[in-house]
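Here's the structure we're looking at; comments come further down.
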Amino acid sequence: MQLAVWTYEGPPHVGAMRVATAMRGVHYLLHAPQGDTYADLLFTMIERRDARPPVTYTTFQARDLGKDTASLFQNAARDAVERFKPQALLVGASCTAELIQDDPAGLANNMGLPCPVIPLELPSYQRKENWGAAETFYQIVRHLADTSVRPAAREGRRPCVNLLGPAALGFRHRDDVREVRRILDLLGIDVHLVAPQGASPEDIRTIGAADFNIVLYPEIGDEAARWLDKTFAQPAIRTVPIGVGATRAFIAEVAALAGVDPAPALNDPSSRMPWWSRSVDSTYLTGKRVFVFGDATHAVAAARIAHEELGFTVCGIGCYNREFGREIRNAAKEYGLEPLITDDHLAVEDAIAAAAPELVLGTQMERHIAKRLGIPCAVISSPVHVQDFPARFSPQMGFEGANVIFDTWVHPLVMGLEEHLLTMFRDDFEFSDAAGPSHLHGSAPAHNAMQAQMQAKPEPVLAPAGDILIREEAAPVAASGGSSGWTDEATRELHKIPFFVRGKAKRNTEKYANEMGLAAITLDTLYEAKAHYAR
Amino acid sequence: MSPAQALATAEKPRDGGLQVLRERGQREVFCGLTGIVWLHRKMQDAFFLVVGSRTCAHLLQSAAGVMIFAEPRFATAIIEERDLAGMADCHAELDRVVDRLLARRPEIRTLFLVGSCPSEVIKLDLGNAAQRIGARHLRSETGEGVRILAYSGSGIETTFTEGEDACLTTLVPEMPVQAADAPPSLLMVGALPDIVEDQFLRAFAELGIANVGVLPARRAGALPAIGPNTRYILAQPFLGETARALEDRGAVRIDAPFPFGAEGTAAWLTAAALAFWIDEMHINRVIAPGRERAKRSLERYIPALKGKRITFLPDSQLEIPLARFLATELGMIPVEVGTPYLHRAHLAADLAQLPEGTRISEGQDVERQLDRVRADRPDLTVCGLGLANPLEAEGLATKWSIELVFSPVHGFDQAGDLAELFARPLRRRDVMRI
């Protein structure tokens with residue numbers, strides 16, 4: 001048994017729902033008890049979809065168990081097909097139905113339904129959401145693809161591709177597809193289909209007509225892409241165009257495979273991120289320590305951008321999906337780090353606290369962790385909350401995605417010029433750490449602490465302690481001075497250091513004192529350490 | 001005819017002509033685990049450990065999404081493949097998880113092992129486990145033990161608020177025995193936000209009811225005593241099993257409408273006071289100021305709500321008393337009032353006040369019910385989070401039912417807030433030019 005409070009991934013049938021909900025003309029019959037319908041709200045509330053997911057839950061109860069849950073399933077199948085008239089019906093079981101072993105596939109196949117039935121075997125006690133999405137998409141492609149369909153003769157037409165992987169509830173999938181379509185258009189390449197997002201079973205039937213595939217989200221699309229390669233000899237582009245460098249590599253690979261000139265896309269004048277990053281205000285970004293955690297694809301991309309395109313120092317990298325652990329291990333090796341591959345958010349919290357980063361790039365879980373630790377954070381990967389489904393165009397992929405990423409990651413940090421002003425005025429009586437960076441509201445660490453104090457609840461909402469979720473002691477970064485060994489004088493001096501570098505100063509001083517075998521940290525130790533690390 | 005249709009049979013009129021449409025099909029409601037979201041805030045030294053699947057953990061996370069950065073006293077022990085292989089190992093694993101949990105949380109006084117669909121289906125006996133683990137943790141060195149209790153919040157057995165019913169039912173045997181010669185005492189039953197609970201306790205004190213206990217108590221050590229001299233009054237309409245357990249211990253129920261709005265709250269407090277032979281003049285004197293305040297707070301919502309048609313989809317079992325409140329105190333017209341389960345005895349006083357012709361439905365076949373909503377086109381539909389945006393997209397105004405469970409809505413001083421919850425979606429439609 002695994003003790004969990006928050007989870008990065010839902011059960012695998014939620015992955016199947018993400019695929020079914022993204023498509024048109026499919027319906028998913030889920031053998032499940034009452035209560036599993038909660039998953040609908042992920043789509044209607046978090047993603048703000050205006051229609052219910054195309055899912056029927058058989059809703060069996062305890063009193064049905066001894067009797068006939070199988071006929072309940074068949075009745076629900078008949079009703080759903082009659083009401084929704086899907087072009088294909090997905091059938092499967094949630095975790096509870098898996099235990100009662102009713103065999104949804106066999107039951108549905110014996111009914112002579114007027115549409116193709118695609119059975120899904122998603123082992124709930126072994127696998128998770130991303131795997132469920134990938135397996136579902138693969139099964140749909142395998143069942144529906146017409147293996148006699150081949151690309152038309154190449155002469156006299158533009159090359160065409162399939163975009164694989166975008167699904168419902170994905171992080172910026174809607175906008176990534178639009179941006180990648182724009183790139184392909186600049187290259188003179190047509191999109192044959194996007195799947196699962198927006199594809200119907202009839203579209204999937206013709207999937208073999210494309211010259212090659214582009215796997216935008218390997219977590220969801222790679223399984224199907226491998227089968228397509230084997231079956232149709234459709235090669236796949238697996239470079240994910242997140243970041244300027246990756247986008248350039250992506251364009252080059254796509255252009256080479258399609259036999260077109262990459263220049264029109266490479267010379268896109270809307271690529272502003274490189275200049276924004278080279279301009280002098282960005283100098284202060286140099287060496288900022290960032291901790292990266294998310295799904296493997298987004299984490300690897302984020303680490304590369306942080307390192308190569310923003311001049312940050314990657315001080316931690318990890319992912320929650322073990323299936324893609326190899327990618328994270330390779331990346332970690334590049335940055336000389338131990339990879340963190342876990343779906344235990346407590347372990348992630350410990351690792352972030354220990355690494356004491358100046359910026360956290362993660363999922364909504366890391367956003368909450370960072371908030372507790374008082375560290376700025378930007379979201380780079382699912383799972384995300386409602387505010388990460390913006391109304392505006394906000395891709396992660398392509399040059400526009402890189403522009404968005406620059407803005408999003410730099411925003412939580414103290415701005416360059418402002419950093420000087422804060423230092424200049426730090427002793428001014430009107431200046432207070434509690435004010436935090438001027439462009440941030442409410443997310444500044446000092447501000448949170450104040451809020452937490454003001455809310456005299458038995459359990460402070462923003463500054464909890466002593467709970468199972470939290471390490472037993474206070475966070476090292478958030479705590480400012482006062483730890484054993486610090487003299488009062490040194491602690492006071494530490495407090496004069498602006499809050500955004502205070503954690504680093506404290507950490508370095510303690511490390512220095514430790515190395516030197518000093519029991520007490522005095523004013524001298526503080527400045528000795530500063531000189532030591534300045535070298 | 002589909003089986004759902006076959007089950008959707010109207011009962012023969014009885015109970016004074018009350019017709020109930022019974023339906024069976026897909027239910028768009030939470031399971032009983034969801035109650036943990038408010039119960040763990042209410043019982044401050046209790047921890048809720050769900051023994052279930054990744055789905056259970058994901059449900060709690062999604063339902064409690066708004067509270068994600070509050071520190072919860074709940075968690076899920078996720079059953080994995082190897083736990084299914086052998087039951088002995090499964091119990092050993094559970095013991096390990098609980099020991100680790102209690103070691104890290106020494107302040108916990110009550111641990112609820114909460115059964116789920118998977119744990120019920122594999123027949124993991126959590127009652128047994130609670131006894132086994134409880135025996136080990138009963139006497140710690142400090143002399144204070146941890147009480148370990150078990151209940152089921154599974155979707156195959158409980159619908160949404162029935163989880164609280166199941167939880168409170170397990171607390172009843174833990175209540176101390178009242179002395180045979182104890183003076184009469186009042187027990188208020190049902191989890192209420194602290195602020196509302198305190199208001200009611202002040203009202204009971206002013207009325208002159210001396211001994212008042214609350215179930216659930218905020219702390220494990222504060223469980224009130226119970227016996228034949230206990231009169232209990234339900235503050236929530238979904239506590240059928242708890243009521244039965246209380247009666248098994250001799251307590252007697254005070255019949256009353258539920259305390260929503262000026263009239264509901266007045267009737268509820270009056271019923272409690274009359275059970276203690278308190279003079280009616282005194283009762284009226286004590287209640288009048290609150291009742292007047294509540295009426296004033298409701299008055300400003302009457303223009304917006306009067307004559308508006310409302311449908312409740314089944315969710316929390318609060319639907320009948322809320323429809324009563326909206327109909328009699330604000331002049332709304334209930335079209336269909338759906339409830340997952342209809343407890344006729346407990347709801348008799350509210351049912352009797354529903355306007356004639358109100359369609360009452362019990363259970364759910366969500367597709368057929370939505371067909372009726374589309375045909376009825378009420379001005380406001382009260383529904384769960386999964387249905388709200390899709391109905392809004394169809395042009396139907398909605399109110400999320402979950403807010404009615406999570407926010408303070410009982411009593412005189414919340415009457416206006418309760419009306420506001422229904423008025424806001426309508427007002428928003430009026431002000432928007434988009």
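Labels below follow one simple rule: chain letters A, B, ... track the order of the sequence lines, proteins then strands, and each chain is numbered from 1. Values in this document were obtained by computation on a predicted structure and should not be read as measured data.
The structure places OH of A:Tyr38 at 8.5 Å from CD of B:Gln61, a figure rounded to the nearest 0.5 Å. Within the model, atoms CZ of B:Arg96 and CG of A:Leu3 stand 8.5 Å from one another, a figure rounded to the nearest 0.5 Å. Once rounded to the nearest 0.5 Å, the distance linking NE2 of B:His58 with CD of A:Glu9 reads 9.0 Å. Atom NZ in A:Lys128 sits 5.0 Å away from atom CZ in B:Arg54 (nearest 0.5 Å). Taking SG from B:Cys117 and CG from A:Leu99, the interatomic distance works out to 10.0 Å, rounded to the nearest 0.5 Å. The CG atom of B:Leu387 lies 7.5 Å from the CG atom of A:Asp40; values are rounded to the nearest 0.5 Å.
Considering every non-hydrogen atom in both B:Ser62 and A:Leu41, the closest pair reads O-CD1, 4.2 Å.
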Please evaluate residues A:Asp36 and B:Phe30 with respect to the criterion side chain to side chain contact (heavy atoms under 4.5 Å, CB included), reporting the C-alpha separation (whole Å), side-chain torsions for both, the decisive distance (0.1 Å), and the verdict.
CA-CA 7 Å; A:Asp36 283 4; B:Phe30 288 132; over 6 Å; no

Walk me through whether B:Asn389 and A:Asp50 qualify under side chain to side chain contact (heavy atoms under 4.5 Å, CB included).
CA-CA 5 Å; B:Asn389 269 333; A:Asp50 61 2; 5.8 Å; no

Does the pair A:Met1 and B:Ile78 meet the rule for a side chain to side chain contact (heavy atoms under 4.5 Å, CB included), with working shown?
CA-CA 5 Å; A:Met1 280 179 198; B:Ile78 298 180; over 6 Å; no

CA sep, side-chain torsions, deciding dist, call: A:Val5, B:Thr76, side chain to side chain contact (heavy atoms under 4.5 Å, CB included)
CA-CA 6 Å; A:Val5 179; B:Thr76 307; over 6 Å; no

Could you walk me through whether A:Arg83 and B:Asp371 pass salt bridge (Lys or Arg N to Asp or Glu O under 4.0 Å), step by step?
CA-CA 11 Å; A:Arg83 179 176 281 267; B:Asp371 286 345; 2.7 Å; yes

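For B:Val51, the part lying near chain A is the side chain, with the backbone staying farther off; criterion is any non-hydrogen pair under 4.5 Å. Within the 4.5 angstrom heavy-atom criterion, atoms from both the backbone and the side chain of B:Leu94 approach chain A. Looking at A:Phe84, the atoms closer than 4.5 Å to chain B (heavy atoms on both sides) all sit in the side chain, from C-beta outward. If you measure heavy-atom distances from B:Leu391 to chain A, you find no contacts under 4.5 Å at all. With a threshold of 4.5 angstrom between heavy atoms, B:Glu120 does not approach chain A through any atom at all. Of the two parts of B:Glu367, the backbone and the side chain both hold a non-hydrogen atom closer than 4.5 Å to a non-hydrogen atom of chain A. Neither the backbone nor the side chain of B:Ile402 comes within contact range of chain A; no heavy atoms are under 4.5 Å apart. Looking at A:Ala4, the atoms closer than 4.5 Å to chain B (heavy atoms on both sides) sit in the backbone and in the side chain alike. Of the atoms belonging to B:Cys90, heavy atoms from both backbone and side chain fall under 4.5 Å from chain A.
With chain B as the partner, the residue from A:Arg367, A:Glu129, A:Met45, A:Glu98 showing the most heavy-atom pairs under 4.5 Å is A:Met45. Taking chain B as the reference chain and counting heavy-atom pairs below 4.5 Å, the highest number among A:Val386, A:Thr58, A:Asp64, A:Ile369 is found for A:Asp64. For the set B:Glu93, B:Glu81, B:Gln26, B:Gln364, the count of heavy-atom pairs under 4.5 angstrom toward chain A peaks at B:Gln26. Heavy-atom pairs under 4.5 Å with chain A peak, among B:Val50, B:Ile122, B:Leu84, at B:Leu84. The choice from A:Leu65, A:Ile100, A:Thr56 that makes the most heavy-atom pairs within less than 4.5 Å of chain B is A:Thr56.
In this structure, the side chains of B:Glu80 and A:Gln126 stay at 4.5 Å or more apart for every pair of heavy atoms. B:Thr55 is not listed as a side-chain neighbour of A:Ser94, based on a closest heavy-atom distance of 4.5 Å or more. A:Thr37 places none of its side-chain heavy atoms less than 4.5 Å from the side chain of B:Val29.
Heavy atoms of other residues, nucleotides or ligands lying less than 6.0 angstrom from CH2 of B:Trp400 number 12 at most.
For the pair A:Thr44 (side chain) and B:Ala388 (backbone), a donor-acceptor distance under 3.5 Å is absent.
Side-chain polar atoms of A:Gln34 and B:Thr159 form a donor-acceptor pair below 3.5 angstrom.
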